[in-house]
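Some notes on the structure that comes next.
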Protein chains: 2
Amino acid sequence: MRVINFNPGPAGLPLPALERARDELLDFQGSGMSVMEHSHRGKEYEAVHDEAIALLSELTGLPSTHQVLFLTGGASQQFAQVPMNFLTPDTSADYLMTGVWSEKALDEAKYYGKPRVAATTVQPDKHYTRVPRQDELSLDARAAYVHVTTNNTIYGTQWHAMPDTGQVPLVADMSSDFLWKKMDLSRFGLVYAGAQKNLGPSGVTLVVAQKDFIAKGRKDIPKIFRYAVHAENNSLYNTPPTLAIYLVRNVLAWMKDVGGLGQLEAWNRQKADLLYGALDTHSGFYRAPVERASRSVMNVVFHLPTPELDAAFVADAKRQGMVGLKGHRTAGGIRVSTYNAVTVENVRTLVTFMEHFVKTRG
Amino acid sequence: MRVINFNPGPAGLPLPALERARDELLDFQGSGMSVMEHSHRGKEYEAVHDEAIALLSELTGLPSTHQVLFLTGGASQQFAQVPMNFLTPDTSADYLMTGVWSEKALDEAKYYGKPRVAATTVQPDKHYTRVPRQDELSLDARAAYVHVTTNNTIYGTQWHAMPDTGQVPLVADMSSDFLWKKMDLSRFGLVYAGAQKNLGPSGVTLVVAQKDFIAKGRKDIPKIFRYAVHAENNSLYNTPPTLAIYLVRNVLAWMKDVGGLGQLEAWNRQKADLLYGALDTHSGFYRAPVERASRSVMNVVFHLPTPELDAAFVADAKRQGMVGLKGHRTAGGIRVSTYNAVTVENVRTLVTFMEHFVKTRG
């Protein structure tokens with residue numbers, strides 16, 4: 001029996017994508033071997049690779065100015081790879097600080113240039129409960145790029161309108177909210193996302209890059225780190241993580257099958273409305289720290305009146321088949337991650353549990 | 001029906017390792033979710049992670065001076081990451097040149113320091129048919145490390161005794177011959193291997209590092225690229241490629257089940273003897289360019305009298321259920337990759353085919 005999985009990432013995946021993988025794990029399309037045993041330069045794997053790119057392009061309406069890449073090392077490697085490509089010791093980039101992940105991105109950039117904090121919503125207690133407003137951004141027109149973390153898994157905040165950066169390319173870490181809704185990727189210089197939230201297993205990083213932007217990347221860095229080299233080789237410069245990309249293909253095919261990003265957005269908004277509705281109804285018991293305008297649709301965080309009640313909530317939910325609800329160690333409390341594979345029905349089950357819990361323990 | 005898979009990598013994997021993955025793909029050990037849907041910080045996944053490390057340590061008798069790491073980006077990223085950690089613009093490392101992969105490793109090192117060619121067996125035609133002898137090495141005692149590619153997939157050569165580098169740490173790219181036999185890893189400063197030959201799917205890189213060596217790595221590089229950071233965090237500094245590591249665990253468990261590295265070595269030597277025996281018996285038809293002392297046990301390369309016969313050989317073999325035999329585009333001809341998952345019986349079938357082919361087409 002499958003549990004209801006609210007893991008923050010690696011996260012639950014759509015069952016049809018997993019079943020498809022299971023059914024052909026030993027014999028991919030009658031080829032007599034697993035997809036992971038195929039050469040990355042053979043026609044069987046290349047069809048999967050190209051289909052994944054085509055599906056992502058179709059789902060997002062990606063224009064030909066942009067290109068999809070499959071890299072590795074997760075967002076953590078992108079924190080370093082972006083400044084390695086686009087900074088020099090004397091140039092700067094603007095970082096918008098909204099939590100732990102943007103802090104890590106800023107720290108890695110310091111090895112390559114002079115990143116600037118162009119906005120921060122950090123509080124005296126080091127936590128964050130909102131993202132900056134446009135009028136709080138102090139942007140530098142000479143910056144090589146502006147870096148934003150679009151959704152903050154730990155603090156449960158999310159940018160609901162992208163910052164206006166003028167002529168400066170916008171680079172976005174979308175690891176935890178990529179493809180949660182219809183999104184216009186053409187406005188970004190570069191988007192990156194570890195697959196393990198909305199897209200597939202850990203082990204592959206999706207990158208969507210503006211071709212003109214990455215063509216201007218540094219040429220005096222190793223080939224393996226140049227976005228332009230991966231772009232020229234259609235992400236086959238070296239052996240890509242073929243099995244992980246195959247699973248991403250399965251998830252993207254599922255996204256299309258269920259109706260595309262418009263349908264996923266409708267479900268995701270419904271899930272968030274159910275959860276935030278329950279929190280607001282019982283705001284004396286469930287305390288949601290995030291300011292309304294910054295509330296994440298992907299990670300809903302809250303605290304119960306005591307850490308003991310937090311623990312009891314997690315334990316009781318687990319007994320009822322719901323797992324992955326414990327908050328990040330940095331923030332404590334409860335975190336409900338509702339990525340694309342979590343159904344509205346899953347969330348209804350949790351909300352019913354929450355209402356029962358407040359009645360019996362509140 | 002499964003074919004006989006001689007792919008050079010990604011390569012065939014042991015059927016029991018794949019069946020185990022298939023059987024629990026939707027429900028890992030009764031947890032109600034796939035292993036790839038588990039948190040990398042949860043006890044279920046961590047047990048797999050630690051078991052993979054324990055199995056590798058047990059199979060190789062790894063001493064506590066050394067540590068196993070799981071990284072990403074394949075050997076190609078290690079070509080850059082090794083010099084990034086251990087070179088400065090004014091220091092050098094010695095590279096032993098034996099083929100395309102050592103050339104790529106040398107090229108990436110140039111971005112970080114002054115790598116030296118300490119030996120090369122390149123021929124006027126740019127190809128390689130042997131590895132250097134010890135007396136051909138011109139080693140520098142001040143080198144930060146000596147880099148060797150222990151097996152050369154494209155040219156079918158292999159080092160059968162490791163070079164003596166004195167006090168200078170030896171760094172080895174073992175992507176294509178890691179764990180093919182009993183091996184003493186304690187003599188290496190650092191060993192790396194993309195998993196997709198002997199170990200699992202593409203998407204995870206096995207590293208075995210001497211703790212004292214990596215502790216001396218540079219601290220002025222991004223954290224994500226420091227071996228010491230990954231070592232301190234037991235390869236959980238960031239989200240590792242959990243599904244790929246799980247599959248490596250399955251393959252390592254299979255290695256132990258069948259009798260360990262001693263048994264695998266016996267089979268691998270038997271496979272190589274069968275193949276080279278057939279080539280030597282029919283040396284007028286099958287031309288094996290590699291000098292005897294450098295012949296690879298993992299990749300057996302040869303040419304037929306004409307490119308047309310090479311193509312007919314590949315096509316006829318495919319009709320008999322044997323795939324992956326076409327030589328690399330750089331070298332042409334035929335390449336038989338006989339990694340651990342290829343059975344002696346598979347090779348007997350191929351040798352029978354080769355004998356028939358020479359009779360009918362020779």
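Chain letters run A, B, ... following the sequence lines, proteins first, then strands; residues in each count from 1.
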Counting heavy-atom pairs under 4.5 Å with chain A, the top scorer among B:L243, B:T242, B:I224 is B:I224
Tell me, side chain or backbone of A:M1 under 4.5 Å from chain B's heavy atoms, or both, or neither?
backbone
Per-residue contact mode, A:V323 against chain B (heavy atom under 4.5 angstrom):
side chain
Please step through side-chain contact (heavy atoms from CB on, under 4.5 Å) for the pair B:E37 and A:N7, ending with a clear verdict.
CA-CA 8 Å; B:E37 298 173 288; A:N7 271 345; 5.6 Å; no
A:L247, part contacting chain B, at a heavy-atom distance under 4.5 Å
side chain
Between A:L13 and B:M36, does the side-chain contact (heavy atoms from CB on, under 4.5 Å) criterion hold? Intermediate values first, please.
CA-CA 9 Å; A:L13 294 173; B:M36 71 184 103; 3.7 Å; yes
For A:Y45, all residues meeting ring pair (Phe, Tyr, Trp, His ring centres under 6.0 Å), sequence neighbours excluded
A:H49
Tell me, side chain or backbone of A:H38 under 4.5 Å from chain B's heavy atoms, or both, or neither?
backbone
To the nearest 0.5 Å, what is the distance between CD (B:E108) and NZ (A:K223)?
7.5 Å
Residues of residues 15-30 of chain B with any heavy atom under 4.5 Å of a heavy atom in chain A
B:L15, B:L18, B:E19, B:A21, B:R22, B:L25, B:L26, B:D27
Pull out the residues in residues 326-334 of chain A that come under 4.5 Å of chain B, heavy atom to heavy atom, sorted by number.
A:R329
Minimum heavy-atom distance between B:G73 and A:N238, given as atom pair plus value
O-ND2, 3.2 Å
Under 4.5 Å from any heavy atom of chain B, what part of A:P240 do you find: side chain, backbone, both or neither?
backbone
Between A:S202, A:G203, A:P241, which has the largest tally of heavy atom pairs under 4.5 Å with chain B?
A:S202
Just wondering, are more than 12 heavy atoms of other shown residues or ligands nearer than 6.0 Å to NZ in B:K219?
yes
Where does A:A11 contact chain B at under 4.5 Å (heavy atoms): side chain, backbone, both or neither?
backbone
Tell me, out of A:T72, A:V35, A:D107, A:V204, who's got the most heavy-atom pairs with chain B below 4.5 Å.
A:T72
Aromatic ring proximity, centroids under 6.0 angstrom, A:F225 and B:Y111
no
Taking 4.5 Å as the heavy-atom cut-off, does anything in residues 77-87 of chain B contact chain A, and if so which residues?
B:Q77, B:A80, B:M84
Heavy-atom closest contact (A:P10 atom, B:T239 atom, distance)
CD-CG2, 3.8 Å
